[in-house]
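Quick notes on the structure that follows.
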2 protein chains.
Amino acid sequence: MTTAKDDTIAVRISKVLAERIIAGALEPGSRLGQDHIAEEFGTSHVPVREAFRRLEAQGLVVSEPRRGVRVASFSLDEVREVAEMRAALEVLALRHAAPHLTKAILDQAEAVNRAGDKAGDVQAWEEANLLFHRLILKPCAMPRLLKAIDDLHTASARFLLAGWRSEWEAPTDRDHRAILDALRAGQVDAAATVLARHVQWVGKKPGKPSVPVLAKRA
Amino acid sequence: MTTAKDDTIAVRISKVLAERIIAGALEPGSRLGQDHIAEEFGTSHVPVREAFRRLEAQGLVVSEPRRGVRVASFSLDEVREVAEMRAALEVLALRHAAPHLTKAILDQAEAVNRAGDKAGDVQAWEEANLLFHRLILKPCAMPRLLKAIDDLHTASARFLLAGWRSEWEAPTDRDHRAILDALRAGQVDAAATVLARHVQWVGKKPGKPSVPVLAKRA
DNA sequence: AATCTTTAAATTATAGATAATTCTGCGCTG
DNA sequence: CAGCGCAGAATTATCTATAATTTAAAGATT
């Protein structure tokens, strides 16, 4: 999206690669050759290596010492793990954000939610979903927490996009609405409960992925 | 500790720097010149840069695009933030670990706890503390969660070591004992409650740091 | 005297080149 | 025929060198 011009080359490369991995353009387990990528971006391989370290930190690739990096594979267990972590952290964030939520923010969230309902493909829906969560959690003013949640969210998105690549119908998001209603009524506990269940929904619906989820050994 | 010989140079550098930052040998806000560090380790600056990216991911340094990296500063708010994140995630881990906790593990944890009570300095106590938490949480078998907890733990340790540099008396750790007792009795909820409060203890005791906590603007 | 501009020094970021390690395929041996 | 071991090729990791950017400091101008 925002290809910030003043970013360092390594950051730009990491962003592009991250998008590809999330979108499923790079299959889990596939190798990422540094020379190959360096050539594609018209750079040397040094910034490519730094981009790898970044992606590694986000959990999008795994790096073995002298054997290169490959796209991280995710088992169903790992998806559930991420979902549970998200649930725990998003509930925490919501509890801190709730006192600072204004009507304007909630209205904006509702608008985003409506946009998500009309989304034509998974990617658009996922984007709206991300925006919704960010909107209602950001006022917690805990940057480290928000970054952790963001990383977990991209991990979830990977799974989602891998599962519903082609067939997809926009589901009217009742959970989001329930969360908003509870927040408007000042019932933070109720909102948190729904949020926790909502986040784990991804991990619960197996959703017959059209792309093999497990890594294959070469 | 374990300076694995087969690690890449960048990893080794990042480990050494991490230890220094945690121990407080490098003050918050101080610049890390890549050339200086490269010279000290007898290497070029390229692996140093990769080490920086690793430390950045752990939240130990902050990196501004063309202005170098500096040791991350932590305000009291950030310490509380980390403590709350730890509480949320460790409770989650404990809930999953509890069913797989054996008597052998609990006995080992008790031994570690006793060792911690006898610790002469903060560093030794902190090490025992880390071991205790790792022991009872590891059986949850959620690697991503455990790594996240570990990173948060080092952030906490930084604060702890900055606060009690010289003056220190080993406190008999009642919380650890309470957690063990509850786990032995099969009362997972009780153990989780104590754990959550215990983790946030760090953030609550201000403990008059002997080193300025806030970053100073050069 | 204070501020803005310009210039120099220091430092970061990237490129190109070199050394070391792993992977692959083939031949040899049992 | 299976298994072990040895080149050759490919790839990773690091080093040296170059380009670009920022910090600072000195000089000029108002």
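Numbered from 1 within each chain, the chains take letters A, B, ... in sequence-line order.
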Next item on the list: Using atom CZ of B:Arg70 as one end and atom P of C:dT12 as the other, report the distance to the nearest whole Å.
Entry: 11 Å

Notebook entry, point to check: Between A:His133 and A:His198, does the ring centroid distance fall short of 6.0 Å?
Noted result: yes

Item checked: Short side-chain N/O contact from A:Thr8 to OP1 or OP2 of C:dT14, under 4.0 Å -> yes

Next item on the list: Could you tell me whether B:Arg144 and A:Glu78 have a side-chain N and a carboxylate O separated by less than 4.0 Å?
Entry: no

Checklist line | Sorted by number, the residues of residues 50-64 of chain B with heavy-atom contact under 4.0 Å to DNA chain D | finding: none

Next item on the list: Select from B:His45 and A:His45 the residue whose nearest nucleotide in DNA chain C is closer to the 5' end of that strand.
Entry: B:His45

Item checked: Contact summary for B:Ala87 and B:Val199, nearest pair of heavy atoms -> N-CG1, 3.7 Å

Next item on the list: Decide if atom CD of B:Glu40 counts as having more than 12 heavy atoms of other residues, nucleotides or ligands within a radius under 6.0 Å.
Entry: yes

Any N/O pairs under 3.5 Å between the protein and nucleotides 21-24 of chain C? List them or say none.
unit_1	atom_1	unit_2	atom_2	d
C:dC23	OP1	A:Arg67	NE	3.1
C:dC23	OP1	A:Arg67	NH2	3.2
C:dC23	OP2	A:Arg67	NH2	3.1

Next item on the list: For A:Gln34 and for B:Ser44, find the nucleotide of DNA chain D with the closest heavy atom, then tell me which residue's nucleotide is more 5'.
Entry: A:Gln34

Check: Got a sec: does the CD of B:Glu56 have more than 12 other heavy atoms crowding it under 6.0 Å?
Finding: yes

Check: Should B:Cys140 and B:Leu94 count as side-chain neighbours, where that means a heavy-atom distance under 4.5 Å?
Finding: no

Check: Within a reach of under 6.0 Å around CD of B:Gln123, are more than 12 heavy atoms found that belong to other residues, nucleotides or ligands?
Finding: no

Next item on the list: Check the distance between C:dA15's C1' and A:Ile13's CD1 and give it to me in whole angstrom.
Entry: 13 Å

Note to self: Please report the distance, rounded to the nearest Å, between CZ in B:Arg49 and P in D:dC15.
What the structure shows: 15 Å

Next item on the list: Between B:Gly33 and B:Val46, just flag the one whose closest nucleotide in DNA chain C comes earlier from the 5' side.
Entry: B:Gly33

Check: Which one, D:dC15, C:dT14, D:dT12, comes nearest to the side chain of A:Asp35?
Finding: D:dT12

Item checked: Side chains of A:Ser63 and A:Arg53, donor plus acceptor under 3.5 Å -> yes

Checklist line | Short N-O contact, A:Arg114 and A:Glu110, less than 4.0 angstrom | finding: yes

Next item on the list: Before accepting this row, confirm whether a basic side-chain N of the pair A:Glu27/A:Arg158 lies closer than 4.0 Å to the acidic partner's carboxylate O.
Entry: no

Check: So, A:Arg80 and A:Asp77, do they make that salt bridge, N to O below 4.0 Å?
Finding: yes

Next item on the list: Give me the residues of residues 36-43 of chain A where at least one heavy atom lies under 4.0 Å from an atom of DNA chain C, by number, or none.
Entry: A:Gly42, A:Thr43

